[in-house]
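Take a look at the structure set out below.
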Amino acid sequence: MILLNKTAGVFPKSSKRKIYEFLRSFTFHPRKLFLHKVVLGIETSCDDTAAAVVDDNGHVLGEAIHSQTEVHLKTGGIIPPVAQQLHRENIQRIVQEALCASQVPPSELSAIATTIKPGLALSLGVGLSFSLQLADQLKKPFIPIHHMEAHALTIRLTNNVEFPFLVLLISGGHCLLALVQGVSDFLLLGKSLDIAPGDMLDKVARRLSLIKHPECSTMSGGKAIEHLAKQGNKLCFDLKPPMDRAKNCDFSFTGLQNIVDKIIMQKEKEEGIEMGQILSSAADIAAAVQHTTACHIAKRTHRAILFCQRKGLLSQTNAVLVASGGVASNLYIRKALEMVTNVTQCTLLCPPPRLCTDNGIMIAWNGIERLRAGLGILHNTEGVRYEPKCPLGVDISKEVGKAAIKVPQLKMQI
Ligand code: KG4
Ligand code: ZN
């Protein structure tokens with residue numbers, strides 16, 4: 001746990017005056033009386049500076065986002081001090097844009113909700129410091145948000161989903177399966193023992209130099225792999241899904257990444273090209289790695305559904321699997337998940353892509369959920385800290401492993 005260092009200033013105290021001027025810049029008058037609860041959500045846990053204003057009917061009144069993806073693509077990964085600096089440069093403008101778009105005067109906000117865990121320390125600090133000063137000036141309640149809980153509950157903004165439901169969160173920084181039983185009541189069924197699938201796909205894309213590929217130069221690694229895979233043959237390489245013998249719901253992607261690295265090295269030798277040039281077999285490699293990733297994710301999810309069904313943890317008539325996170329926008333992986341939900345009589349739901357990735361809306365919505373449930377609303381922010389590492393819910397992954405559920409083989413013909 002890291003204390004928010006107010007004097008060293010992630011968002012320095014001297015900026016108090018700036019916040020005051022910032023608030024005075026809101027000259028518009030309310031178009032309507034705000035009978036609804038309205039929350040401003042702020043997200044800076046990784047490389048997106050995002051803000052949104054959402055009401056308790058789930059209406060998104062305003063939103064703004066500044067993505068750092070392009071900068072980090074060029075440096076080959078996120079450099080935390082660079083991310084911090086970019087958050088500092090953009091947070092005020094982004095919050096202002098979200099508020100202006102919403103036409104909600106800051107004085108009418110019901111609360112300010114901000115991601116305080118988990119995430120990059122330097123990034124979390126900027127959002128928290130800014131938000132605390134804003135809440136202090138406006139004399140509004142502050143709602144600390146767990147980034148993963150916010151991802152998990154986003155589906156309740158777009159769909160009428162009751163508790164409990166199962167959630168699969170797969171992105172560049174996250175990989176977990178959890179049962180959502182309430183706004184702040186989660187059972188963790190499994191997680192990645194090493195890196196997240198998006199991180200692995202980003203590394204493979206970087207090793208294949210896809211940034212130099214004319215069709216992929218502006219895409220994230222995962223998106224580039226999905227795009228190229230359509231032109232490739234997944235059967236050219238025999239990649240085995242990781243952890244096939246472990247009958248739990250944990251994931252692993254480092255081994256797969258190492259095997260793919262070796263294949264790329266071998267192919268570079270065969271094709272007589274240098275590292276950094278594009279292989280003629282790049283599309284086949286992309287197809288094989290995407291297929292293996294999909295099979296691994298589908299199998300762990302299948303076991304999680306069977307576990308919950310056996311233990312009576314999911315609705316018998318209306319069981320729901322929610323898939324979210326950047327990697328869940330991959331249509332091949334979604335099809336693999338659909339095959340699993342079809343055989344287990346579950347419904348697969350995915351938030352729209354802009355809500356799958358990091359955004360301010362999910363943070364504001366989590367604030368609304370917490371306001372409604374009366375959970376974690378702070379009127380005194382003394383001692384509020386950010387927490388770079390923070391597990392989600394109660395970890396029952398050992399119990400899941402002990403149940404050793406055998407998953408029927410599915411023919412992944414996608
Ligand atoms: O949720 P997100 O925006 O940020 C976090 O990591 O929290 O997810 C970004 C990750 C990156 O690793 C990116 O390569 C991956 O999601 N991604 C994809 C696709 N689009 C983004 N992976 C596979 N297929 C995609 N279409
Ligand atoms: Zn995220």
Side-chain angles (χ1 to χ4, degrees), residues 41-50 65-70 72-73 76-78 83 114-120 123-124 127 145-155 167-176 178 191-192 195-208 210-211 215-230 232 251 253 256-257 286-287 289-294 296-298 322-337 350-363 365-366 388 390 392 414:
I42 298 178
E43 157 65 33
T44 64
S45 68
C46 189
D47 60 345
D48 291 306
T49 316
I65 188 160
H66 173 264
S67 165
Q68 305 175 0
T69 307
E70 254 181 58
H72 300 309
L73 263 178
I78 299 171
T114 301
T115 308
I116 68 152
K117 59 191 175 184
L120 297 174
S123 296
L124 287 167
I145 303 293
H146 189 300
H147 181 83
M148 310 305 293
E149 292 184 3
H151 267 305
L153 295 192
T154 305
I155 197 70
V167 70
L168 167 73
L169 295 179
I170 39 175
S171 70
H174 329 303
C175 182
L176 60 83
K191 60 178 186 315
S192 175
I195 60 175
D199 192 8
M200 182 271 295
L201 294 172
D202 289 342
K203 285 178 169 136
V204 170
R206 226 176 291 144
R207 185 63 187 77
L208 286 170
L210 296 188
I211 196 159
E215 293 167 23
C216 308
S217 61
T218 58
M219 293 178 185
S220 68
K223 180 99 193 120
I225 295 278
E226 180 176 23
H227 179 77
L228 266 198
K230 289 182 194 137
F251 303 80
F253 294 96
L256 178 58
Q257 186 212 322
V289 76
Q290 176 178 257
H291 177 71
T292 312
T293 303
H296 181 45
I297 290 172
V322 173
S324 190
V327 179
S329 62
N330 182 296
L331 295 182
Y332 191 93
I333 293 173
R334 276 196 194 183
K335 279 193 191 140
L337 291 172
C350 303
R354 77 186 173 110
L355 296 182
C356 270
T357 54
D358 290 352
N359 63 83
I361 297 170
M362 69 181 196
I363 306 304
W365 175 246
N366 203 253
C390 182
L392 176 79
I414 304 169

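Note that ligands are numbered from 1 as they come in the structure, with each ligand's atoms numbered from 1 the same way.
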Q. Heavy-atom contacts under 4.0 Å between I225 and ligand 1: side chain, backbone, both, or neither?
A. neither

Considering only the protein, which heavy-atom contact is closest to [atom], and what is its distance?
| atom | value |
| --- | --- |
| atom 24 (N) of ligand 1 | N330 ND2, 3.1 Å |
| atom 22 (N) of ligand 1 | G222 CA, 3.3 Å |
| atom 4 (O) of ligand 1 | D358 OD2, 4.0 Å |
| atom 14 (O) of ligand 1 | D202 OD1, 2.6 Å |
| atom 1 (O) of ligand 1 | G326 N, 3.0 Å |

Pull out every atom of ligand 1 sitting under 4.0 Å from any heavy atom of [X], numbered as shown with elements.
| X | answer |
| --- | --- |
| L201 | 22 (N), 23 (C) |
| G173 | 6 (O) |
| T357 | 1 (O), 3 (O) |

Q | Ring geometry between Y332 and H291 (parallel below 30°, tilted from 30 to 60°, perpendicular above 60°) | A |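 H291 and Y332: perpendicular rings.
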
**Q.** Which residues share a salt bridge (Lys or Arg N to Asp or Glu O under 4.0 Å) with D199, sequence neighbours left out
**A.** K203

Q.
Please enumerate all residues that pass salt bridge (Lys or Arg N to Asp or Glu O under 4.0 Å) together with R206, with sequence neighbours excluded.
A. none

Within the distance-only criterion (no hydrogens, no angle test), does the side chain of [X] pair as donor or acceptor with the backbone N or O of [Y] below 3.5 angstrom?
| X | Y | answer |
| --- | --- | --- |
| S171 | G173 | yes |
| N359 | I361 | yes |
| E226 | L228 | no |
| S123 | G119 | no |
| Q68 | A83 | yes |
| N366 | I145 | no |

(Q) A side-chain contact here means heavy atoms from C-beta on lying under 4.5 Å apart; do P351 and C356 qualify? (A) yes

Q. Is any side-chain heavy atom of I65 closer than 4.5 Å to a side-chain heavy atom of T49?
A.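 When only atoms from C-beta onward are counted, T49 and I65 do not touch, as no gap falls below 4.5 Å.
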
**Q.** Donor-acceptor side-chain pairing of Q290 and N330 below 3.5 angstrom
**A.** yes

Q. Has ligand 1 got any nitrogen or oxygen that is less than 3.5 angstrom from a nitrogen or oxygen of E226?
A.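 In this structure, E226 places an N or O atom under 3.5 Å from an N or O of ligand 1.
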
Q.
Check this for me - ligand 1, G172, N or O atoms closer than 3.5 angstrom, yes or no?
A.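 The answer is yes, given that G172 and ligand 1 share an N or O pair closer than 3.5 Å.
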
**Q.** Among S220, G198, S171, G119, closest by any non-hydrogen atom to atom 21 (C) of ligand 1
**A.**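 Closest candidate by heavy-atom distance is S220.
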
Q | Among R354, H174, H151, closest by any non-hydrogen atom to atom 7 (O) of ligand 1 | A | H174

Q. At a 4.0 Å cut-off, with the gap strictly under it, does some heavy atom of S329 reach an atom of ligand 1?
A. yes

**Q.** Contacts of the Zn ion (ligand 2) with protein N/O/S atoms, counting only those under 2.8 Å
**A.** H147 NE2, H151 NE2, H174 NE2, D358 OD1

**Q.** Qualifying salt bridge (charged side-chain N to carboxylate O under 4.0 Å, His left out) pairs with a residue from residues 325-334, counting only residues at least two apart or across chains
**A.**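 Pairs touching residues 325-334 that pass the test: none.
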
